[in-house]
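For clarity, every value in this text was computed on a predicted model and none was experimentally measured. Below, all heavy atoms of this structure are taken into account, side chains as well, without hydrogens, waters or symmetry copies. In what follows, chains are A, B, ... by sequence order, proteins preceding strands, each numbered from 1.
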Amino acid sequence: MLLCTVPTANYSNRICKIVRFFVSFSSSCALRTIDFVEESSTHDCDYIKLQRRTQNYATSGHFRKALETLSSMRNAPGKPTVYDYNSLMYCYLRSRNVLLEELVEVYLGMKRFGPAPNALTFNVLLNGMLSLGNLKDMFFVANEMCGSGFVPSFTMLLKVLKKSLELGSLDCSLGVFRLMLRLEYFPTEPVLNLLISLLTKARMIREAYSVLSALLGKGYFCSVYSYNLILWALCKSGQSYAALELFCLMKKKGIVQNVCTYTALVYGFGREGLGVDLFRCLNIMQSDGFKPNLRTYTIIIKFLCDAGRVEEALEYLDRMEREGCDPDLITYNIILRELCHQDKVGKICELVQVIDQRGFSPNPYTYAALAGGMLKVGKIGMAHKILLDVIARGCTLDVAVYNIYFNCLCCDYRSREALSLLKSMMEDGFTPSIVCYNTILKGFCRENSIEEALELMDSFEWENKGPDVVSFNTILSAACKQGNSSLIQRILFRMEHEGVELNVVSSTCLIQYFCTVGKFSECLKLMEYMMRNGPTPTTIALNMLLDKLCKSGLLRSAHGIFEYLRNTACVPDTTSYNILIRAFRREGALVGREAINCSPAEGSDAREWAYSKYCNLQYPIEGNVPERIVELATPTSSEFPEKNKPLISMHEFFGQKWRALYQPPNKEIAAQLYVQNIMSSLAIPGFQTVDIGDIVTTTAIIIFSYLASFKLGRLMSLYPGNSWSQLRIMVYVCIPAWQVDAPRSTILMIRNAKSSVPFGICVSPLPNSWIEFAVEYLIVDMIIIQDCSPCAVSWLIAVCLFCCSCSGSPYAELLRHAWGEPLSIMASACS
DNA sequence: GTCGAGGTGA
């Protein structure tokens, strides 16, 4: 609904003053009535003189004198006329020192005692107020004009609307807009767009939309630009599905959409992590005949990077260039940031070179991407070095870059140094942001100086923006981790006192506190309260609770709560499964061959399926799901029944060597070094790296060879039946989309082999613990690999290939073809 | 004309 406060600034006072003026004015006129007849012959001549004198006084800004002169016209009958008043106002408005209040007083006096204001009166006043920029009075006069039966012109109201937009008054702008609409005046498109734009920037999207729909209701045609403004606002505020509805409405209304329209949706879906919708929208955009532009591509790249799919992002970068849509520094900065997050040193160097070759100079965002990204993966020293270097070189930096620098110091347990640096920078004119203060608070908390952090919070010059909920949560979190209840109470009291409301992060901290001190019942009460009244607990809170319950030996309770919550808004993620599966394993709950002797149904979630195998076999939840999660708080006494030991533990055999094999080469560079090490230590004659793909393939070959050279005999002796043909390994290889393309040959091969060798491929993220599980119980029928580590994927593929080829399987030929030379090395090792 | 990037809390 459009709202507008009608400016009624204390007019009663003014009316009192003006009444006094008009009363004395009238009585002085009455006293002189006797003289009227004698003086009438001279009146015409005097009147013209008085008119001129009034105008002169008014023009030179002597308002009171002008008004007195005007009042002396009363000697002439019917004078002063409304035109005299208008003339006075007009001239006074041309003077330099105008007090609008005086004009309003005169207007109110005219209204009350006459002569009645006419259309010109209002126009004179409006024009004057427009040039002086007094919105309150301007809106008042416009309303008065309508109320007096005059119609302000379209031009006049448009000017008023423009002025109020220029001055940023949304209330007034909306008021004028409504007034215009009442008079069937439609603002011009630029003015309308300015109004919508200002409203959306003030997060008044609903109001912006009501402006649009009010116009549509009057049959006005709104252009695609107006729609796009609202579409973008919806997408930027996490309402992409609402944006989609608007998008459909546009189509229905026959609005010709443009690239910017589609790009808004692409942005919205990407921002909310809705990849399927994003790419669907991209396809629709292209089939509708629109080519993605620089911004569209940048948004897609940002989405991919945020999802860790940097290889795909790089493919889009290539695609842009192929299509003649050159990336700019924004595009590069986005990729650079993600490459840093993934610690891909080689690619970072390459990209930095490309940026340089394209003639771009690094900007503060570039430095933030590099240093911030490195800091996030724990390379504090490197981040610190980069920033020291750019500071020393006098590069233009901004507050965000300095915040990363402060964070570097704090992560290095140098919070005090960060604080004193901040103080000295402030003396030199640096204006810190709220993030800066919060970073330093976090540093102090990290160094266990929570009390000091609280004192600091008081001493910071927050201006009027803080401390905010993040500041409080920073300290609250530290207090909760310590289990310091009195400190927690103090913080909560402060928050209440300062009007800072608890949010979902604050509540999660409290959940952590209850878990830390073992008050599970309190914790569950809080969770339940949050589920009923909000904010809904997040997966992080769920995981925290599960972890603490499991670590306290309350696996059955954890399992029950998990089952209960998974059907609510609190959705479990990979970590949730990890926690439970680890706990099951710790408690001796074995998943052996018999546990997983079937495959997940076509199209089902392998993670869910495997989890259910664990749970149903080992800890079935009996009875109905309780009504309230608090009922799950008390664990039963027989939580962990004894379970069988694994028939064969490959863990005993593979031991630490296998762990070492799969753990270090998580990162590409480490993997390369690792490969070189193994190659030199193996010293297999005639061994060559086969360049059929990427590091994944190469690493797989190396490990493959390693297994062939050193482990075969022992493996065979340990395996029951001593026959490779009996070895059945079912592999659910989880390969995220970015890897599917890389080792294409490998995937293809496994797919071909799938019909008779028990391989399976599942493309969906899976928990890390399952890799560990696979390492420990390699003989069981399932190996599931998580998404990220190329090396982990490759060695399991390698193991499988190795086993298959050794058994003299009909696929040996296929494998030999695909793997070439190393396979023959392996074959000779076998013999 | 409308549109894309970095830094703080669980």
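- At a cut-off of 3.5 angstrom, counting only N and O atoms as typed in the model, there is no donor on one side facing an acceptor on the other between the side-chain of A:T474 and the base of B:dG9.
- One donor-acceptor pair, N or O on each side, does fall under 3.5 Å between the base of B:dG4 and the side chain of A:D328.
- The residue A:I540 sits close to a base: some heavy atom pair falls under 4.0 Å.
- Counting heavy-atom neighbours within 6.0 Å of A:M382 CE, excluding the residue itself, gives a total of 12 or less.
- Closest to the A:M544 side chain, of the nucleotides B:dA5, B:dA10, B:dC3, is B:dA10.
- Checking B:dT8, B:dG4, B:dG9 against the side-chain heavy atoms of A:Y267 singles out B:dG4 as nearest.
- Contact annotation: A:K302 reaches the phosphate of B:dG6 (side-chain N/O to OP1 or OP2, under 4.0 Å).
- With rounding to whole Å, A:L282 atom CG is found 15 Å from B:dG4 atom C1'.
- Remark: P of B:dC3 and CD1 of A:I230 are 13 Å apart, rounded to the nearest angstrom.
- Counting only distance, with no hydrogens or angles, the side chain of A:E272 and the backbone of A:S240 share a donor-acceptor pair below 3.5 Å.
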### Task
Would you please test A:Q257 and A:K251 for side-chain hydrogen bond (donor to acceptor under 3.5 Å, both in side chains) and show each step?
CA-CA 8 Å; A:Q257 290 152 323; A:K251 270 208 184 321; 3.0 Å; yes

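- Ring orientation note: the planes of A:F247 and A:Y262 are nearly perpendicular, at an angle over 60° on the 30°/60° scale.
- B:dT2 atom P lies 18 Å from atom CG of A:L246, rounded to whole Å.
- Contacts of A:C509 with the nucleic acid, taken as non-hydrogen atoms under 4.0 Å apart, involve only primed sugar atoms and P, OP1 or OP2.
- Which of B:dA5, B:dC3, B:dG7 sits closest to the side chain of A:W232 comes down to B:dC3.
- A:Y297 places its OH atom 14 Å from the C1' atom of B:dG4, with the value rounded to the nearest Å.
- Phosphate contact (OP1/OP2 of B:dG7, side-chain N/O of A:R337, threshold under 4.0 Å): present.
- A:V259 comes within 4.0 angstrom of nothing in the nucleic acid, heavy atoms only.
- Across the protein-nucleic acid pair, A:Y513 atom OH and B:dA10 atom P stand 19 Å apart, rounded to whole Å.
- The side chain of A:T538 approaches B:dA10 more closely than any other nucleotide in the set B:dG7, B:dA10, B:dG6.
- Residue A:S223 is classed as having no contact, given no heavy-atom separation below 4.0 Å to the nucleic acid.
- A distance of 10.0 Å separates CG of A:L419 from OH of A:Y437, quoted to the nearest 0.5 Å.
- If you check every strand for non-hydrogen atoms under 4.0 Å, A:S433 touches a base.
- Closest to the side chain of A:R295, out of B:dG6, B:dG4, B:dT2, is B:dG4.
- Between A:N363 and B:dG6, a side-chain N or O to OP1/OP2 separation shorter than 4.0 Å is absent.
- When distances run from any side-chain atom of A:V469 to the nucleotides B:dG9, B:dG6, B:dC3, the shortest one goes to B:dG9.
- One interatomic measurement links the two molecules: CG of A:N543 to P of B:dA10, which rounds to 15 Å at whole-angstrom precision.
- The CZ-C1' distance, from A:F472 to B:dG9, rounds to 13 Å in whole Å.
- Side-chain atoms of A:N258 lie closest to B:dT2 of the nucleotides B:dG7, B:dA10, B:dT2.
- For a distance-only test at 3.5 Å, the side chain of A:T366 fails to qualify as a donor-acceptor partner of the base of B:dG6.
- Heavy atoms from other residues, nucleotides or ligands lying under 6.0 Å from NZ of A:K162 number 12 at most.
- Protein atom CG of A:L229 is 11 Å distant from nucleotide atom P of B:dG4, rounded to whole Å.
- With B:dG9, B:dT2, B:dG7 as the choices, the nucleotide that has an atom nearest any side-chain atom of A:K376 turns out to be B:dG7.
- For a distance-only test at 3.5 Å, the side chain of A:T439 fails to qualify as a donor-acceptor partner of the base of B:dG7.
- Considering only the side chain of A:I299, B:dG4 comes nearest among B:dG4, B:dA10, B:dA5.
- At a cut-off of 3.5 angstrom, counting only N and O atoms as typed in the model, there is no donor on one side facing an acceptor on the other between the side-chain of A:D468 and the base of B:dG9.
- Within the 4.0 angstrom heavy-atom criterion, no nucleotide atom of any strand lies near A:S506.
- Counting any heavy atom pair closer than 4.0 Å across all strands shown, A:L294 reaches a base atom.
- Exactly one of A:Y227, A:Y225, A:Y267 qualifies for a ring-ring contact (aromatic ring centres under 6.0 Å, His included) with A:W232. That residue is A:Y267.
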